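Here's the structure, in structure tokens; my notes come after.
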Amino acid sequence: MDTLSYKTTSATSEKKWVVIDATDQVLGRLCSKIAKILRGKNKADYTPNLDCGDCVIVINADKVVMNGDKMTKHEYLRYTGYPGGQRTFTPQDLMNKSHKVTMQGKHPLFIKVVKGMLPKTKLGAQQLTNLHVFNGLEHPFSDKNPVEIDINKMK
């Protein structure tokens, strides 16, 4: 038998641009679906070691909700590396910070949540660069012809 005929083929798919409206969506459930799209797990040709996911644009990010009073009571931790350098912040702090962010499309709350759902490797960092989050309806990627999808119909 000719063993050279057995070649491993890698998936090479075209990156699409999708728009997701975050109005009245629960943050964790929305971000888990965004992470699936970024990784490419919603495609038939998913390859775990390649960046085969789509680029995601999230609009109306300031209208996202969290169940209960998690927006003010839930705490994220960060450590500066110095003694006594543990810092805590709430999702509401990150939402307020998102209005002051100078880098357009980088919403601190969405970056924090989606980053935790992606692999902790260089591939995960590359996939996170495909996420663009905006507080309003306008985004600068209209020339990419993004397709608006209904996130509620996704599994």
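Scope of the values below: all heavy atoms of this structure, side chains included, with no hydrogens, waters or symmetry mates. Small disclaimer: the values here were computed from a predicted structure and weren't measured.
Residues Met154 and Leu131 share a single hydrophobic cluster, defined by chaining ILVMFWY side chains whose heavy atoms lie under 4.5 Å apart.
Using a 4.5 Å heavy-atom cutoff, the side chains of Lys97 and Phe89 are not in contact. In this structure, Leu38 and Asp54 have side chains that are not in contact, with every pair of non-hydrogen atoms separated by 4.5 Å or more. His139 has its side chain out of reach of His132: every pair of non-hydrogen atoms, C-beta onward, lies at least 4.5 Å apart. A 4.5 Å side-chain heavy-atom check between Lys36 and Asn42 finds every atom pair outside the cut-off. Taking 4.5 Å as the limit, some side-chain heavy atom of Ile111 sits within range of a side-chain heavy atom of Leu128. In this structure, Val18 and Ile34 have side chains that are not in contact, with every pair of non-hydrogen atoms separated by 4.5 Å or more. Contact check for Pro119 versus Gln127: side-chain heavy atoms found under the 4.5 Å cut-off. Residues Cys55 and Lys16 fail the side-chain proximity criterion, which asks for heavy atoms closer than 4.5 Å.
A salt bridge links Lys15 with Asp51: the closest approach of a Lys/Arg side-chain nitrogen to an acidic carboxylate oxygen falls below 4.0 angstrom.
To the nearest 0.5 Å, atom CD of residue Gln25 and atom NZ of residue Lys33 are 7.0 Å apart. Rounding to the nearest 0.5 Å gives a distance of 6.0 Å between CD1 of Ile151 and CG of Leu30. Note that CD1 of Ile149 and CG of Asp21 are 11.5 Å apart. Values are rounded to the nearest 0.5 Å. Between the CD atom of Gln104 and the NZ atom of Lys106 there is a distance of 11.0 Å, given to the nearest 0.5 Å.
Considering all non-hydrogen atoms of both residues, Ala61 and Phe110 come closest at CB-CE1, 3.6 Å. Across all non-hydrogen atoms, the minimal contact from Asn135 to Asp62 is O-OD1, 2.7 Å. The two residues Val64 and Val26 make their nearest non-hydrogen contact at CG2-C, 4.3 Å. Contact record, Lys43 with Cys52: NZ-O, 3.1 Å, taken as the closest heavy-atom pair. Heavy-atom minimum distance, Gly124 versus Leu118: O-CD1, 3.8 Å.
Asp93 contributes a side-chain N or O that, together with a main-chain N or O of Thr90, makes up a donor-acceptor pair within less than 3.5 Å. A distance-only check finds a donor-acceptor pair linking the side chain of Lys120 to the backbone of Gly116 [under 3.5 Å].
Applying the under-4.5 Å side-chain rule to Ile, Leu, Val, Met, Phe, Trp and Tyr, the cluster around Phe134 extends to Trp17, Val19, Ile57, Ile59, Leu137, Phe141.
Checked against side-chain contact (heavy atoms from CB on, under 4.5 Å), Leu50 has the following partners two or more places apart in sequence or in another chain: Ser10, Thr47.
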Using a 3.5 Å cut-off and no angle test, enumerate the donor-acceptor pairs between side-chain atoms of residues 69-80 and protein atoms at least two apart in sequence or in another chain.
from: Thr72; atom 1: OG1; to: Asp69; atom 2: O; distance (Å): 3.4
from: Tyr79; atom 1: OH; to: Tyr82; atom 2: O; distance (Å): 2.9
from: Thr80; atom 1: OG1; to: Tyr82; atom 2: N; distance (Å): 3.4
from: Thr80; atom 1: OG1; to: Gly85; atom 2: O; distance (Å): 3.3

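Counting non-hydrogen atoms of neighbouring residues, nucleotides and ligands closer than 6.0 angstrom, the CG atom of Asp143 exceeds 12 such neighbours. The number of heavy atoms from other shown groups lying within 6.0 Å of NZ (Lys122) does not exceed 12.
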